[in-house]
Amino acid sequence: MNYQSNPIIRLRDLRKVYSGGGGDVVAVDRLTLDIDPGMTVFTGPSGCGKSTLINLVGAFDRPSGGTVEVSGIRVDQLDNSALDQYRRTVIGIVFQFFHLMPALTVLENTALPGELAGMLTRDARARAAELLEKVGLGDRLAHRPHELSGGEIQRTAIARALVNRPRVVLADEPTGNLDSASSERVMNLFADVAAEEGASAIVATHDPDVVLRADRIVELWDGRIVER
Ligand SMILES: Nc1ncnc2c1ncn2[C@@H]1O[C@H](COP(=O)(O)OP(=O)(O)O)[C@@H](O)[C@H]1O
Ligand SMILES: [Mg+2]
């Protein structure tokens with residue numbers, strides 16, 4: 001496995017405050033955490049800061065304070081064009097609501113992030129087909145999303161997240177729409193394929209089946225880590 005130096009992610013004194021009409025909300029409260037390669041789960045009740053933390057690691061949001069270092073990159077210091085590059089190449093994301101394009105086939109959907117990152121269509125599709133084979137969808141390449149089951153859609157989203165060989169793959173409530181048996185199958189597959197591809201996985205979830213599958217559990221409460 002081509003894992004880089006440990007830890008893959010370093011968060012230091014990280015803060016995220018949302019300011020709005022109703023006043024300030026401290027979503028992440030001076031959080032310090034090292035994340036090693038493997039599969040890490042952020043868990044805890046609704047509103048504890050799981051999604052905010054995922055968004056800060058993926059640079060979909062800027063911290064209000066503190067530092068985010070991923071794979072040796074100080075993400076909090078990147079300018080906008082470097083952030084685009086970071087999101088496309090270092091990070092893969094399995095979106096909460098999947099975001100598959102209804103008009104595109106499974107193969108085209110999976111190849112899309114590769115093409116957006118500058119791969120030739122032919123190469124992106126070859127890479128997509130290889131990953132779809134790994135997630136058990138080798139016979140569904142020409143299907144469209146509406147022809148798939150929930151579990152198959154989620155497996156497509158997993159393959160797509162790995163197309164660009166990210167160091168870190170993020171998933172926010174990835175099993176939210178699945179029954180318990182499908183959710184367990186999808187997460188086992190996610191953990192195995194991510195490891196095989198050399199990507200560290202970070203999953204925000206309150207699904208106990210997903211938590212069980214983690215190498216490390218980070219429990220949050222009010223934007224802080226609960227010490228066990
Ligand atoms: N865009 C936003 N604007 C204002 N408050 C937000 C925003 N996003 C999240 N919050 C607040 O930040 C806290 C953490 O939210 P979130 O990270 O979504 O929690 P979780 O994913 O654990 O349910 C909550 O109190 C939530 O209401
Ligand atoms: Mg959330």
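We use all heavy atoms of the structure for the numbers below, so side chains are in, but hydrogens, waters and symmetry mates are not. Everything quoted here is computed from the prediction, not taken from an experiment. Start at 1 and go down the list; that is how both ligands and their atoms are numbered.
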Report all protein residues having a heavy-atom distance below 4.0 Å to some atom of ligand 1; order the list by chain, then number.
Y18, V25, A27, P45, S46, G47, C48, G49, K50, S51, T52
Please tell me whether Y86 and I9 are part of a single hydrophobic cluster in this structure, the criterion being side-chain heavy atoms less than 4.5 Å apart.
yes
Given the options D76, D61, D29, K16 meets salt bridge (charged side-chain N to carboxylate O under 4.0 Å, His left out) only with D61
With a sphere of 6.0 Å drawn around CZ of R224, does it hold more than 12 non-hydrogen atoms of other residues, nucleotides or ligands?
no
Linking I/L/V/M/F/W/Y whenever any side-chain heavy atoms sit under 4.5 Å apart, do L112 and I91 land together?
no
Under 6.0 Å from the NE2 atom of H143, do we count more than 12 heavy atoms belonging to anything else shown?
yes
Please tell me whether V211 and V94 are part of a single hydrophobic cluster in this structure, the criterion being side-chain heavy atoms less than 4.5 Å apart.
yes
Is T52 close enough to the Mg ion (ligand 2) that one of its N, O or S atoms comes in under 2.8 Å?
no
